[in-house]
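Only one structure is covered here, and it is reproduced in the block below.
Since the structure is predicted, the reported quantities are computational estimates derived from the model, not experimental observations. No hydrogens, no waters, no symmetry mates; every other heavy atom, side chains included, goes into these values. Letters go in sequence order (proteins before strands), and every chain restarts at 1.
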Protein chains: 2
Amino acid sequence: MKVLVVEDDQFHARYVLDAISEELPEVTEIAHAINRDEAEIEARTGGFEAIVMDLQMEQGNGIDAARAIWAHSPQTRILFWSNYADEAYLRGISQIVPEASAYGYVLKTATRDRLKLALRAVLFEGQIMISRELYQYQRHRQPSSALDKSEYAVLLDLALGLQDKMIAERQNLSLRTVQNRLQSLYDKLGIDEEDGPALNKRVRALNCAIRKKALNLQTLESAEAEYQRWRETQ
Amino acid sequence: MKVLVVEDDQFHARYVLDAISEELPEVTEIAHAINRDEAEIEARTGGFEAIVMDLQMEQGNGIDAARAIWAHSPQTRILFWSNYADEAYLRGISQIVPEASAYGYVLKTATRDRLKLALRAVLFEGQIMISRELYQYQRHRQPSSALDKSEYAVLLDLALGLQDKMIAERQNLSLRTVQNRLQSLYDKLGIDEEDGPALNKRVRALNCAIRKKALNLQTLESAEAEYQRWRETQ
DNA sequence: ACATTTTCTGCGGGAACCCGCAATGGCGCA
DNA sequence: TGCGCCATTGCGGGTTCCCGCAGAAAATGT
């Protein structure tokens, strides 16, 4: 079994490499990439069955790297190993994970035992394994506070700075429907329940989404890139 | 000389501790805190002359911790050791650093030699030392693209979601002047020069500020807390 | 098949926002 | 002192945004 580790922090890289060789004697070869370019080249040419990847890397972000890798070899199992329990990351990943693959999400603050467990479960057994801290965001039939898919899509467009008309065009909705989506977005982000004077709901929504970790810098960058691509074809 | 290291990542903590004992034999005692509470208690009771602190910690952020420490002992020298070269951090720090103290900002990606240099320069010699990657934001007489103090203040209020009238009240400006500030903010963030269809400038400004690292999650949290405090006294 | 609920859509109005124009008032410089 | 420059402020108008109302369309339950 061949495993690739993508991690730019040398200490964390060593830690994972050690954990892998301890927990998975089945692994015959371990490679190590320290940035996105290296990772994609290695993944394309190395024929790895499994990858451990840090989501925060210097150039680009881990989700885009994973998308590229999965586009080329959709059966690759990827364990994401991240500092942050952001809903934004989990949403980004679950949108791109292919049917044929397995993935996991472990926090760097997890114990060594939990990391080892995830390594075995995901890389070797092909299970899906998500850290409990994130699982709350997985609620599909939600308690009214989780964003559904279309609301999240509108949130992304709002975050880009698009106006209602443009969002309607991109989502193939009428203007009024977009405004309804925004309304429920405002509700779910809890914007009106704050007392105090009136706020600019649009900006407040972006602010809250970021503070609640529903969006983060990588999400914004990805959405921006996607929007620019969309605009070329409009 | 007594030094306190505030760092929640065990590997990075060990790295710094090693570097300190190698580079600064003058240090007689090294303590280690792994979160904000520990850091404040240690700093208050330990009588440290110098601190090395990670800006990203689990609870609260490093800047608020530094503010609390400096409020209690303003001569303490603090070397910030961070993963990110965000303008937001530098602005936050330079607003709270007391006259009597010295501080430094080093990236975790810096070489061991540069870290050692910063340790000696800041902790021992009491110099100011800022990583080159960040120094670009220090331009006081700026090439028209850097935000001046009042523009940054308006940016913070905008980011909170305040509307023009409220910003005017908080900054003691007329409505129209706030709008002028917003105008120059939009210019400097480069919002109009994008082709494409019109955007919602307010949201776009927040988006750009975040992508340009002029704001980050910690900034938003701090500004939010400060705003809530202000509202109590209104 | 029918009734009920939910979602989508258009219309209209009040509020907030963006910004051009012009008047005022400080500040430096010759 | 006088002149020009720039920040500040008020006014007005066009645009966008937020949202209540009500009808149309779709989904759901019986």
Salt bridge or not between A:Glu169 and A:Lys165? Use side-chain N to carboxylate O under 4.0 Å.
no
Within the side chain of A:Asp86, is there an N or O that forms a donor-acceptor pair under 3.5 Å with the backbone of A:Ala88?
no
Separation of A:Gln179 atom CD from C:dC11 atom C1', in whole Å?
11 Å
Is any side-chain N of the basic residue among A:Lys108 and A:Asp54 closer than 4.0 Å to the acidic one's carboxylate O?
yes
Could you tell me whether the phosphate oxygens of D:dC17, OP1 or OP2, come under 4.0 Å of any side-chain nitrogen or oxygen in A:Asn200?
no
Whole angstrom value for the distance that separates P of C:dC18 from CD1 of B:Ile191:
9 Å
Is the backbone of B:Trp70 close enough, under 3.5 Å, to the side chain of B:Ser73 for a donor and an acceptor to pair up by distance?
no
Protein-nucleotide distance (A:Glu151, atom CD; C:dT6, atom C1'), rounded to Å
14 Å
Specify the separation, in whole Å, of atom CG of B:Leu185 and atom P of C:dC19.
12 Å
B:Glu224 bridged to A:Arg204 by N-O distance under 4.0 Å:
yes
Between atom NZ in A:Lys201 and atom C1' in C:dA15, what is the gap in whole Å?
12 Å
Under 3.5 Å, N/O pairs linking protein and nucleotides 8-10 of chain D:
unit_1	atom_1	unit_2	atom_2	d
D:dT8	OP1	B:Arg181	NH2	2.6
D:dT8	OP2	B:Arg181	NH2	2.5
D:dT9	OP2	B:Ser174	N	3.1
D:dT9	OP2	B:Ser174	OG	3.2
D:dT9	OP2	B:Thr177	OG1	2.3
D:dT9	O5'	B:Ser174	OG	3.0
D:dG10	O6	B:Arg176	NE	3.2

Output the rounded distance in Å from CG (B:Leu189) to P (C:dC18).
13 Å
At their closest point, which heavy atom of B:Glu151 faces which heavy atom of B:Leu185, and how far apart are they?
O-CD1, 3.8 Å
Of C:dC19, D:dC19, D:dT16, the nucleotide closest to the side chain of A:Gln183 is D:dC19
Send over the distance from B:Leu182 CG to C:dC19 C1', rounded to a whole Å.
12 Å
When rounded to whole Å, the CG to P distance for the pair B:Leu199 and D:dT15 reads 17 Å
